[in-house]
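Notes follow the structure.
Each chain gets a letter, A, B and so on, in the order the sequences are listed, and its residues count up from 1.
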Amino acid sequence: MREVRLHDTLSGTVRPLETRTPGKVGIYFCGPTVYGPIHVGNARPFVVFSLLKRFLVHEGYEVTLVSNVTDVNDKIYAAAAAAGTASQELARTMTARYVADTDRLDLGRPDHEPLASEAVEDMIDLISTLIESGHAYAVDGDVYFYVSSYAAYGELSHRRLEDLDQGESGDAASRKRDPVDFALWKARKAGEDTHWESPWGSGRPGWHIECSAMAERLLGAGFEVHGGGSDLVFPHHENEAAQTRAARGQPLTRLWMHNGMVRLDSEKMSKSVGNTFLLHQALDTYGRDALLVYFCSGHYRQPIEFDHQSLVAARTSVKRIRELARRLQAGNSPAWSGPLHKEFFDALAEDFNTARALASVFEWVRLANRSEDPVGDSDLREMLGVLGLGNLLDGGAQPAPPPRALQLLDQRDHARAERDWALADRLRDELGELGWEIRDGPDGSSLVSL
RNA sequence: GGCGACGUGGGAGAGCGGCUAUCCAGCGGCCUGCAAAGCCGUUUACACCGGUUCGAGUCCGGUCGUCGCCUCCA
């Protein structure tokens with residue numbers, strides 16, 4: 001188990017991963033609001049934190065990964081109304097699609113995927129505690145967090161209250177003590193078809209409180225890593241941090257990790273801008289393997305451009321690994337593999353640098369291709385496995401070509417022996433149509449399935 | 001306007017103050033009837049201007065540019 005270091009947004013530094021209990025890590029990352037199918041940008045945290053878990057498990061940690069689904073939200077009400085369905089119905093449908101789409105990434109599921117709508121009791125408890133301790137106040141059925149009561153507000157996002165644009169609008173503004181106060185509970189409004197009873201009347205929870213409540217229930221306050229997209233740092237995570245620490249007297253998490261945005265045309269991919277590429281489309285177009293390589297090809301904190309060329313490049317790299325798999329054999333890897341294997345895991349241990357790790361993978365591929373001797377796959381299998389790409393080495397064992405293909409190959413061998421290149425090339429084309437590619441080598445020709 | 005991040009070879013993208021990143025594409029070569037696959041070589045990059053240093057993409061300051069957050073947002 002090597003020392004794992006990760007970038008922490010709060011301190012702005014790369015810090016060692018600290019655990020409450022040796023060997024145990026709890027990770028929570030913010031999942032989507034389910035009012036539509038998710039896009040590639042939404043998928044990035046799912047990939048990053050799923051892979052981080054795999055890596056930590058590889059290092060010997062016992063990891064509990066939690067990711068919420070926000071199924072109560074203004075946008076869901078609006079989208080459901082527009083579609084003429086019940087908001088809960090829409091949320092259910094879109095949650096199922098989210099699960100189906102991310103399942104296609106084949107990275108497993110988080111250990112827990114709590115729904116906001118099923119955690120309202122926990123949220124009410126937390127809100128009550130905040131009111132009792134003077135950190136929140138109720139007004140006309142709403143409850144707001146009283147930001148002024150919490151001195152550390154702004155520490156996560158590194159901004160001062162006076163630096164915020166406070167051009168607050170809407171009817172909530174008049175009920176707040178201060179424009180920066182944010183809603184913990186919202187009184188039921190006309191047109192909202194879901195609501196819960198609370199000490200402050202019928203209503204529904206605000207957004208930020210769900211994560212504080214669900215993370216605490218499933219991981220306990222002070223858990224190891226809280227993650228999400230960098231666009232959530234403020235206000236979402238700032239507010240989460242404030243709520244939990246104000247209520248519990250201890251920090252929500254020990255380390256805040258944020259992934260960079262996926263861009264399309266140099267601009268953040270987002271539903272509101274409308275420049276989205278849906279995850280299921282990306283999976284259809286480029287395939288799951290290429291998409292993973294694409295995500296791993298840049299550091300998780302950097303923005304990454306979603307463009308055709310990058311995805312095609314990723315797909316070509318995948319082919320390169322698959323191509324190598326044909327000539328590997330099961331068993332221990334040669335001596336030259338050792339340093340690369342180490343480099344790979346060291347790179348992941350230093351702020352989860354998948355780009356650098358991938359470089360070791362391709363270095364490995366080159367050395368293996370260069371090797372005259374048979375090459376055992378064990379190290380590469382272990383490396384790729386952590387990136388969720390172990391499958392690239394399966395299917396290395398070729399299916400036997402059908403008799404028809406073998407017959408054509410035989411005919412081509414004859415044609416070549418007679419130097420009838422035109423016929424030989426025609427037979428090669430025919431084989432191509434059957435899905436077989438010819439590889440002429442010193443030991444004769446062989447067939448490879450396309 | 002405030003806060004922050006980033007600007008690397010044709011494209012993408014790592015990079016610890018001194019050592020080949022890597023991937024995709026191009027070109028040349030090896031292999032080969034031609035291909036494919038693979039290997040070797042190759043275009044000697046770090047926005048600009050100063051500074052620190054024996055030595056700076058790599059540290060400091062400034063300029064320009066791009067992006068993110070400041071409102072829902074992965």
Side-chain angles (χ1 to χ4, degrees), chain A residues 9 12 29-33 35 38-49 67 70 73-75 78 154 157-170 180 207 227-236 238 258-263 266-273 293-294 296-299 301-305 307 309-320 323-324 326-327 343 347 350 353-372 415-416 419-422 424-425 428-429 432 437-442 445-446 448 450:
Chain A
T9 305
F29 72 95
C30 290
T33 300
Y35 65 100
I38 68 161
H39 56 68
V40 175
N42 298 309
R44 173 123 97 148
F46 187 95
V47 170
V48 167
F49 293 102
S67 180
T70 300
N73 173 285
D74 287 329
K75 296 216 166 178
S157 54
H158 304 291
R159 58 191 80 198
R160 296 172 305 181
L161 282 176
E162 52 272 31
D163 289 339
L164 300 177
D165 268 350
Q166 296 190 5
E168 184 75 17
S169 62
V180 295
W207 175 36
S230 61
D231 54 348
L232 298 185
V233 175
F234 189 91
H236 186 51
E238 189 72 59
H258 291 100
N259 62 271
M261 297 293 98
V262 175
R263 292 184 189 163
S266 300
E267 202 178 357
K268 173 183 161 184
M269 184 183 289
S270 78
K271 291 174 208 165
S272 41
V273 177
V293 168
Y294 160 77
C296 288
S297 69
H299 186 98
R301 275 197 282 137
Q302 296 308 126
I304 186 170
E305 180 77 22
D307 66 315
Q309 204 185 3
S310 299
L311 271 295
V312 169
R315 197 168 41 186
T316 309
S317 317
V318 165
K319 269 172 61 185
R320 182 169 160 76
E323 197 63 54
L324 170 70
R326 301 178 198 278
R327 50 176 92 176
E343 270 177 33
E350 185 62 20
N353 195 328
T354 54
R356 231 168 74 200
L358 216 44
S360 302
V361 166
F362 286 110
E363 194 77 14
W364 202 103
V365 170
R366 198 180 85 240
L367 291 180
N369 276 325
R370 191 155 60 180
S371 173
E372 302 283 333
R416 293 181 75 208
R419 314 197 124 250
D420 184 349
W421 310 127
D425 291 347
R428 173 163 56 201
D429 291 343
E437 186 173 87
I438 292 172
R439 297 281 164 84
D440 293 329
S445 303
S446 57
V448 154
L450 289 170

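- Remark: A:Ser297 pairs with no residue by the side chain to side chain donor-acceptor pair (under 3.5 Å) rule, at least two apart or across chains.
- The salt bridge (Lys or Arg N to Asp or Glu O under 4.0 Å) test applied to A:Arg320 returns no partner, not counting sequence neighbours.
- Considering only side-chain atoms of A:Asn353, the nucleotide from B:rA37, B:rC69, B:rG15 that sits closest is B:rG15.
- For A:His258, the ring pair (Phe, Tyr, Trp, His ring centres under 6.0 Å) test picks out A:His237, with sequence neighbours left out.
- The distance from atom CZ of A:Arg160 to atom C1' of B:rG4 is 13 Å, rounded to the nearest whole Å.
- Separating the CZ atom of A:Arg301 from the C1' atom of B:rG15 is a distance of 14 Å, rounded to the nearest angstrom.
- Checking A:Arg159 against A:Ala359, the closest nucleotide of RNA chain B that is more toward the 5' end is the one next to A:Ala359.
- Across all strands, A:Gly260 comes closer than 4.0 Å to base atoms (heavy-atom distances).
- The C1' atoms of B:rG65 and B:rC23 are separated by 27 Å, rounded to the nearest whole Å.
- Counting any heavy atom pair closer than 4.0 Å across all strands shown, A:Gly228 reaches sugar-phosphate atoms only and no base atom.
- Contacts of A:His236 with the nucleic acid, taken as non-hydrogen atoms under 4.0 Å apart, are absent.
- Here the separation of B:rC67 from B:rU20, taken at their C1' atoms, is 32 Å to the nearest Å.
- For A:Asn73, there are no side chain to side chain donor-acceptor pair (under 3.5 Å) partners, not counting sequence neighbours.
- Spacing between B:rG15 and B:rA21 at atom P, rounded to whole Å, works out to 14 Å.
- A donor-acceptor contact shorter than 3.5 Å is absent between the side chain of A:Glu343 and the backbone of A:Ser360.
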Shorter than 3.5 Å, N or O on both sides, protein versus nucleotides 9-12 of chain B: list them out with atom names.
{"unit_1": "B:rG11", "atom_1": "O2'", "unit_2": "A:Gln309", "atom_2": "OE1", "d": "3.0"}

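- Residue contacts shown for A:Glu350 are absent, as no nucleic acid heavy atom lies under 4.0 Å away.
- Looking at heavy atoms from C-beta onward, A:Ile304 lies in side-chain contact with A:Arg44 at the 4.5 angstrom threshold.
- Relative to the side chain of A:Thr316, the nucleotides B:rC70, B:rA74, B:rC24 differ in distance, and B:rC24 lies closest.
- Applying the ring pair (Phe, Tyr, Trp, His ring centres under 6.0 Å) test to A:Tyr294 and every residue at least two apart in sequence or in another chain returns A:Phe306.
- Nucleotides B:rG41 and B:rC46 have their P atoms positioned 23 Å apart, rounded to a whole Å.
- Side-chain N/O atoms of A:Ser230 include none lying less than 4.0 angstrom from OP1 or OP2 on B:rC69.
- Every ring pair (Phe, Tyr, Trp, His ring centres under 6.0 Å) that A:His236 has, sequence neighbours left out, goes to A:Trp207, A:His208.
- Note: CZ (A:Arg263) to C1' (B:rG7) measures 11 Å, nearest angstrom.
- The side chain of A:Lys268 places an N or O atom within less than 4.0 Å of a non-bridging phosphate oxygen (OP1 or OP2) of B:rC69.
- No donor-acceptor pair under 3.5 Å is formed between the side chain of A:Ser371 and the backbone N or O of A:Leu367.
- Counting heavy atoms from C-beta outward, A:Lys268 and A:Val273 have side chains that stay 4.5 Å or more apart.
- With sequence neighbours left out, A:Asn259 forms a side chain to side chain donor-acceptor pair (under 3.5 Å) with no residue at all.
- Rounded to whole Å, the separation between the C1' atoms of B:rU63 and B:rG9 comes to 24 Å.
- B:rC16 sits 27 Å from B:rG11 when the C1' atoms are compared, rounded to a whole Å.
- Here the side chain of A:Phe362 is nearest to one of B:rA74, B:rC6, B:rC23, namely B:rC23.
- Of the candidates B:rC24, B:rG15, B:rA74, the closest approach to any side-chain atom of A:Ser317 belongs to B:rC24.
- The C1' atoms of B:rG2 and B:rA45 are separated by 35 Å, rounded to the nearest whole Å.
- The residue A:Ser360 sits apart from the nucleic acid: no heavy atom pair falls under 4.0 Å.
- If you measure from atom CD of A:Glu162 to atom P of B:rC3, you get 11 Å, rounded to the nearest angstrom.
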All N/O pairs under 3.5 Å across the protein-nucleotides 39-44 of chain B interface:
{"unit_1": "B:rC39", "atom_1": "OP1", "unit_2": "A:Arg320", "atom_2": "NH2", "d": "3.2"}
{"unit_1": "B:rC39", "atom_1": "OP1", "unit_2": "A:Asn369", "atom_2": "ND2", "d": "3.4"}
{"unit_1": "B:rC39", "atom_1": "OP2", "unit_2": "A:Arg320", "atom_2": "NH1", "d": "3.3"}
{"unit_1": "B:rC40", "atom_1": "OP1", "unit_2": "A:Arg366", "atom_2": "NE", "d": "3.2"}
{"unit_1": "B:rC40", "atom_1": "OP1", "unit_2": "A:Arg370", "atom_2": "NH1", "d": "2.4"}

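- Listed by chain and number, the residues in a salt bridge (Lys or Arg N to Asp or Glu O under 4.0 Å) with A:Lys271 amount to none (sequence neighbours excluded).
- Counting any heavy atom pair closer than 4.0 Å across all strands shown, A:Val361 reaches no nucleic acid atom.
- Under the 3.5 Å distance criterion, the side-chain polar atoms of A:Glu238 are left unmatched by any main-chain donor or acceptor of A:Val233.
- Using bins of under 30°, 30° to 60° and over 60° for the plane-to-plane angle, the ring pair A:Phe29/A:Phe46 lands in the perpendicular bin.
- At a threshold of 4.0 angstrom between heavy atoms, the contacts of A:Pro45 include nucleobase atoms, whether or not backbone atoms are also involved.
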Q.
Please convert RNA chain B into dot-bracket. A pair counts if it is Watson-Crick or G-U wobble with both distances under 3.5 Å; crossing pairs go in [ ] and bases paired with another strand get |.
A. (((((((..(((.....[...))).(((((.......)))))....(((((..]....))))))))))))....

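- The distance from atom CG of A:Leu311 to atom P of B:rG13 is 12 Å, rounded to the nearest whole Å.
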What are the atom names and distances for every N/O pair under 3.5 Å that joins the protein to nucleotides 32-35 of chain B?
{"unit_1": "B:rG33", "atom_1": "N7", "unit_2": "A:Arg416", "atom_2": "NE", "d": "3.3"}
{"unit_1": "B:rG33", "atom_1": "N7", "unit_2": "A:Arg416", "atom_2": "NH2", "d": "3.2"}
{"unit_1": "B:rG33", "atom_1": "O6", "unit_2": "A:Arg412", "atom_2": "NH2", "d": "2.9"}
{"unit_1": "B:rG33", "atom_1": "O6", "unit_2": "A:Arg416", "atom_2": "NE", "d": "3.4"}
{"unit_1": "B:rG33", "atom_1": "N1", "unit_2": "A:Asp425", "atom_2": "OD1", "d": "3.0"}
{"unit_1": "B:rG33", "atom_1": "N2", "unit_2": "A:Asp425", "atom_2": "OD1", "d": "3.4"}
{"unit_1": "B:rG33", "atom_1": "N2", "unit_2": "A:Asp425", "atom_2": "OD2", "d": "2.9"}
{"unit_1": "B:rC34", "atom_1": "O2", "unit_2": "A:Arg428", "atom_2": "NH2", "d": "2.5"}
{"unit_1": "B:rC34", "atom_1": "N3", "unit_2": "A:Arg428", "atom_2": "NH1", "d": "3.0"}
{"unit_1": "B:rC34", "atom_1": "N3", "unit_2": "A:Arg428", "atom_2": "NH2", "d": "3.4"}
{"unit_1": "B:rC34", "atom_1": "N4", "unit_2": "A:Asp440", "atom_2": "OD2", "d": "2.6"}
{"unit_1": "B:rA35", "atom_1": "N6", "unit_2": "A:Asp440", "atom_2": "N", "d": "3.3"}
{"unit_1": "B:rA35", "atom_1": "N6", "unit_2": "A:Asp440", "atom_2": "O", "d": "3.3"}
{"unit_1": "B:rA35", "atom_1": "N1", "unit_2": "A:Ile438", "atom_2": "O", "d": "3.4"}
{"unit_1": "B:rA35", "atom_1": "N1", "unit_2": "A:Asp440", "atom_2": "N", "d": "3.4"}
{"unit_1": "B:rA35", "atom_1": "N3", "unit_2": "A:Arg428", "atom_2": "NH1", "d": "3.0"}

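- One P atom belongs to B:rA12, the other to B:rA25, and the distance between them is 15 Å to the nearest Å.
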